[in-house]
Amino acid sequence: MTLRMQKFKTLSSVAAPIMRVNIDTDAIIPSREMKGVTKDGLSVGMFANWRYTDVDARVENPDFILNKIPFRDAEILLSGENFGCGSSREHAVWALKEWGMRCVIAPSFGTIFYGNCVRNGILPVALQEAVVKAFAESAETGAETAVFVVDLPSQTVTGPDGDTHGFDIAPADKEMLVQGLDPIGLTLKRDDEIIAFREKDKAERPWVYL
Amino acid sequence: MGRTLVQKLWDAHTVADLGDNATLLYTDRVFLHERTGSVSLKGLEAAGRKVRNPEQVFCTMDHIVDTLPGRGDDTIMPSGKDFITTTRDAANEAGITLFDIGDDRQGIVHVVSAEQGITLPGLTQVCPDSHTCTLGALGALAWGIGSTEGEHALATKTLAVNKPKSMRVSFDGQLGYGVTAKDMILHLIGAYTAAGGAGHAIEFTGSAIRSLPQENRFTVCNMAVEFAAFTGLIPPDDTTIDYIHGRPYAPTGRNWDAAVDYWRTLQADGDAAYDRNISIDCADIVPTVSWGTSPGHTVQIDGVVPDPSDAPDANTQTSWARALEYMDLKPGTPLEGVPIDGAFIGSCTNSRISDLREVVKVVKGRRVAVGVKAIVVPGSSQVKLAAEAEGIDKALVEAGFEWRESGCSMCFYAGGESFGDQERVISSTNRNFENRQGPRTRTHLASPTSVAASALAGKISDVRKFRQGASYDT
Ligand code: SF4
């Protein structure tokens with residue numbers, strides 16, 4: 001079975017702010033939480049070093065935002081610049097997905113993490129730092145009343161105060177998310193082109209072909 | 001208008017233009033390791049798909065396998081054996097080449113791929129591992145991907161990639177005494193922050209890059225990802241071509257001649273324009289060490305721990321304050337002289353034979369300070385064999401270092417090998433993130449010779465002061 005992607009159109013949810021910069025994928029899913037050879041069972045280890053006061057006994061840290069109501073159910077994460085930098089581990093995205101996160105809003109993202117999000121049905125939204133900061137404030141002060149609306153087809157995020165901000169996304173990434181497409185199946189439709197490339201290339205760069 | 005080197009490699013691998021800056025790129029090589037490759041191979045199998053062209057796919061055991069003598073499939077990491085056996089079965093099933101435990105070609109993926117001549121100039125290569133950019137030092141377009149992209153590359157031989165912006169980083173001038181390739185890249189990231197290269201593919205050029213031996217060039221490109229870059233590469237030259245010649249998977253005979261002719265064309269055009277240019281004068285670089293929890297948190301060895309109140313903006317201020325707390329350091333403390341518990345020499349950044357030769361020059365005839373756990377882990381089984389043939393292992397062990405089997409080892413902690421709780425470690429690796437080398441371990445990044453000098457002194461040290469009476473500069 002392929003991991004089927006959920007289609008992404010619009011989303012309304014409270015948003016959990018973790019406003020640190022450079023949150024790396026080791027922090028999102030520490031190495032020792034990646035126990036198995038599968039994509040499942042990772043959400044329990046998500047942010048483990050911050051989320052638990054005793055990681056082994058899984059004692060929750062009451063001060064950590066995702067342990068608080070209503071942010072436990074947040075489907076949107078707000079964060080600082082360069083979110084998801086560091087290790088390429090896709091487990092970070094699988095953990096977020098299993099937890100129920102559908103969208104991460106930050107001023108910028110680690111490149112590999114960004115691609116991993118798109119391939120797993122999570123929408124990464126890059127907005128200006130000042131906007132993300134203002135969002136974080138309204139998210140915290142408004143708590144459960146602070147609902148954010150993310151609209152992918154129109155490429156906008158509307159904050160609880162009604163202010164709407166547009167964001168950029170590559171059309172191919174958007175299409176993959178909106179349609180919930182399987183990227184491999186999509187590429188295999190171009191099989192003729194791949195084969196043609198290979199034949200031509202093999203004649204030109206024979207040493208490449210082991 | 002001329003083309004950059006990246007643009008030339010991009011054009012040469014374009015299967016289809018997907019529009020809006022996205023390209024379907026042909027991937028010449030895929031390399032896997034037991035940590036993430038197992039997931040890619042299993043994912044592919046579960047979807048009922050097959051590896052296309054398995055003869056161009058390789059796999060090694062490096063991340064989870066122990067590095068203690070007598071190692072096998074059992075690991076200190078509780079579920080490590082599953083990763084190893086699953087990878088082995090999946091690799092055999094898929095018909096790809098596996099450098100297994102016990103194979104003398106085994107080692108850290110990015111070390112092995114170069115060493116075996118699998119990566120060549122002008123190739124595209126991907127691996128579900130962020131430090132794949134290391135191989136850009138051979139003039140290849142090599143970058144790290146996620147496991148799902150790994151499945152995509154295995155199944156289709158291609159990847160849909162958004163084209164990065166271009167950046168040229170030029171290092172000119174002479175490196176000072178005791179200053180290494182590691183200091184060059186730490187200096188760059190320190191000066192321009194860990195997000196400084198975001199969204200860019202970097203071409204490293206300049207006289208200082210051209211005069212670097214090939215093995216040191218890997219160190220520079222290795223940390224392009226710590227600069228948040230898509231990848232980093234160095235145009236191939238005689239140094240590159242000499243390095244590749246005669247390696248097991250390198251072309252031979254007429255193929256070699258044709259390949260070399262092609263490699264010679266892999267230069268940016270003189271009038272190529274870059275989105276961003278950075279110039280660094282190597283005279284400004286001294287041995288550099290990190291003080292915090294981001295590779296951008298670096299200072300010169302004679303510098304002090306910065307004060308968050310001097311930070312350029314509020315975000316940086318918070319991140320510095322948090323880093324200081326984690327690292328248990330106070331603003332204004334001189335880095336030189338901070339006592340250490342551990343010293344680690346290894347990883348895909350700095351674990352090659354030339355690194356070890358330099359380390360031996362520092363430590364020969366001396367002793368690691370009492371109470372310091374000092375460990376050297378060769379980057380590959382080939383490096384280990386070569387070092388042992390030269391007596392490097394003996395010199396290291398005599399000096400009080402532990403000498404291990406090759407692998408990633410304590411470059412990262414996955415529940416297996418690690419340093420202890422809150423221990424302070426100086427390390428030749430590339431990441432000083434929180435908990436990277438062990439639970440609450442405090443990592444200071446530095447060059448392998450700086451690590452060696454510090455191990456001897458029992459505190460963070462300026463390797464340049466180890467010249468008197470030592471054979472370091474002979
Ligand atoms: S040595 Fe460290 S950085 Fe390099 S591949 Fe292994 S774990 Fe990653």
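All values derive from a computational prediction rather than experimental measurement. So that the names make sense, note that chain A is the first sequence line, chain B the second, and so on, each numbered from 1. The figures here come from the full heavy-atom set of this structure, side chains too, leaving out hydrogens, waters and symmetry mates.
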Response to the item:
Okay, E204(A) and chain B: the region with an atom under 4.5 Å from a heavy atom over there is neither
Response to the item:
Turns out that what part of I194(A) lies under 4.5 Å from chain B's heavy atoms comes down to both
Worksheet item: Nearest 0.5 Å, what's the CH2-OG1 distance between W94(A) and T148(B)?
Response: 5.0 Å
Worksheet item: Closest approach of R35(B) and S31(A), non-hydrogen atoms and distance?
Response: NH2-OG, 3.4 Å
Discussion item. Less than 4.5 Å to any heavy atom of chain B: does that hold for the side chain of V208(A), its backbone, both, or neither?
Written reply: both
Response to the item:
Shortest non-hydrogen pair, Y249(B) vs L210(A), comes out as O-CD2, 3.8 Å
Response to the item:
Looking only at D24(A), L188(A), V21(A), most heavy-atom pairs under 4.5 Å shared with chain B are made by D24(A)
Worksheet item: Is it the backbone or the side chain of P206(A) that comes under 4.5 Å from a heavy atom of chain B, or both, or neither?
Response: both
Worksheet entry | Proximity breakdown for A16(B) and chain A, heavy-atom pairs closer than 4.5 Å | both
Worksheet item: Salt-bridged, D182(A) to R49(B), with N to O below 4.0 Å?
Response: yes
Practice prompt. Nearest 0.5 Å please: distance from the CZ atom of F197(A) over to the NE2 atom of H13(B).
Written response: 6.0 Å
Practice prompt. Let me know if T14(B) has heavy atoms under 4.5 Å from chain A in its side chain, its backbone, both or neither.
Written response: backbone
Discussion item. Check this for me, if you would: do D28(B) and R205(A) make a salt bridge, where the nitrogen-to-carboxylate-oxygen distance has to be below 4.0 angstrom?
Written reply: yes
Worksheet item: Looking at T318(B), N162(B), I64(B), which makes the most heavy-atom pairs under 4.5 Å with chain A?
Response: N162(B)
Worksheet entry | side-chain contact (heavy atoms from CB on, under 4.5 Å) against Y413(B), all qualifying residues, sequence neighbours excluded | R32(A), S418(B), P439(B)
Discussion item. Pair K39(A), E151(B) - check salt bridge (charged side-chain N to carboxylate O under 4.0 Å, His left out), show working.
Written reply: CA-CA 13 Å; K39(A) 304 175 180 180; E151(B) 282 177 44; 2.9 Å; yes
Discussion item. On a heavy-atom basis, which atom in A194(B) and which in N82(A) lie closest, and how many Å separate them?
Written reply: O-ND2, 4.0 Å
Worksheet item: Of all of K35(A), E33(A), R20(A), which one pairs up most often with chain B through heavy atoms under 4.5 Å apart?
Response: R20(A)
Discussion item. Taking D191(A) first and then R52(B), would you say they form a salt bridge - that is, a charged N and a carboxylate O separated by under 4.0 Å?
Written reply: yes
Worksheet entry | Heavy-atom donor-acceptor pair, S88(A) side chain to G146(B) backbone, under 3.5 Å | no
Fill in: Most chain A-contacting option - heavy-atom pairs closer than 4.5 Å, from W143(B), F230(B), Y262(B)
Y262(B)
Practice prompt. Under 4.5 Å, heavy atom to heavy atom: which of residues 116-127 of chain B reach chain A? Give them by number, or say none.
Written response: L120(B), G122(B), L123(B)
Worksheet, complete the sentence: Nearest heavy-atom contact between M34(A) and F83(B) is O-CZ, 3.4 Å
Item to complete: Among the options A259(B), G415(B), G144(B), pick out the one with the most heavy-atom pairs lying under 4.5 Å from chain A.
Response: A259(B)
Discussion item. Using heavy-atom distances under 4.5 Å, tell me whether T156(B) contacts chain A through its side chain, its backbone, both, or neither.
Written reply: both
Discussion item. Please give me the minimum heavy-atom distance between W207(A) and R29(B), naming the atom from each residue.
Written reply: O-NH2, 4.5 Å
Practice prompt. Check for a donor-acceptor pair, side chain of E90(A) on one end and backbone N or O of S147(B) on the other, with a separation under 3.5 Å.
Written response: yes
Discussion item. Within the structure provided, determine whether R198(A) and N53(B) are in side-chain contact (heavy-atom separation under 4.5 Å).
Written reply: yes
Fill in: Atom CD of Q128(A) with >12 non-hydrogen neighbours under 6.0 angstrom
no
Fill in: Contact summary for R119(A) and A160(B), nearest pair of heavy atoms
NH2-O, 3.5 Å
Discussion item. Looking at chain B, which one of T111(A), I112(A), V55(A) has the largest number of heavy-atom pairs inside 4.5 Å, strictly under?
Written reply: I112(A)
Worksheet entry | Atom group of A250(B) that falls short of 4.5 Å from chain A, counting heavy atoms | neither
Worksheet item: Would one find more than 12 heavy atoms of other residues, nucleotides or ligands at under 6.0 Å from atom CD of E98(A)?
Response: yes
Item to complete: Applying salt bridge (Lys or Arg N to Asp or Glu O under 4.0 Å), name anything that partners R89(A), two or more places apart in sequence or on another chain.
Response: D26(A)
Fill in: Distance in Å, E129(A) CD paired with D313(B) CG, rounded so as to fall on 0.5 Å steps
7.0 Å
Practice prompt. Mind checking the CZ-CG spacing from F433(B) to N22(A)? Nearest 0.5 Å is all I need.
Written response: 8.0 Å
Worksheet item: Is it the backbone or the side chain of S87(A) that comes under 4.5 Å from a heavy atom of chain B, or both, or neither?
Response: both
Discussion item. Can you tell me which of A258(B), P164(B), S294(B) forms the most heavy-atom pairs within a distance under 4.5 Å of chain A?
Written reply: A258(B)
Practice prompt. To the nearest 0.5 Å, tell me how far T187(A) OG1 sits from L18(B) CG.
Written response: 7.5 Å
Item to complete: Specify which of E34(B), R431(B), K157(B), K42(B) makes the most heavy-atom pairs with chain A at under 4.5 Å.
Response: R431(B)
Worksheet item: Top residue by heavy-atom pair count (under 4.5 Å) with chain A, among R436(B), E149(B), E45(B), M77(B)?
Response: E149(B)
Item to complete: Compute whether any side-chain donor of one residue and acceptor of the other, for R440(B) and N49(A), lie under 3.5 angstrom apart.
Response: no
Worksheet item: Tell me, side chain or backbone of D82(B) under 4.5 Å from chain A's heavy atoms, or both, or neither?
Response: both
Discussion item. Under 4.5 Å from any heavy atom of chain B, what part of K133(A) do you find: side chain, backbone, both or neither?
Written reply: side chain
Worksheet item: Under a 4.5 Å heavy-atom cut-off, does chain B meet the side chain of A27(A), its backbone, both or neither?
Response: neither
Practice prompt. Heavy-atom distances under 4.5 Å only: say whether Y209(A) touches chain B with side chain, backbone, both or neither.
Written response: both
Fill in: Contacting moiety of R322(B), where chain A heavy atoms sit under 4.5 Å
side chain
Practice prompt. Give, for atom CD1 of I184(A) and atom CG of L44(B), the distance between the pair rounded to the nearest 0.5 Å.
Written response: 6.0 Å
Fill in: Portion of L24(B) that has a non-hydrogen atom of chain A nearer than 4.5 angstrom
side chain
Worksheet entry | Set of side chain to side chain donor-acceptor pair (under 3.5 Å) partners for Q155(A), sequence neighbours left out | K174(A)
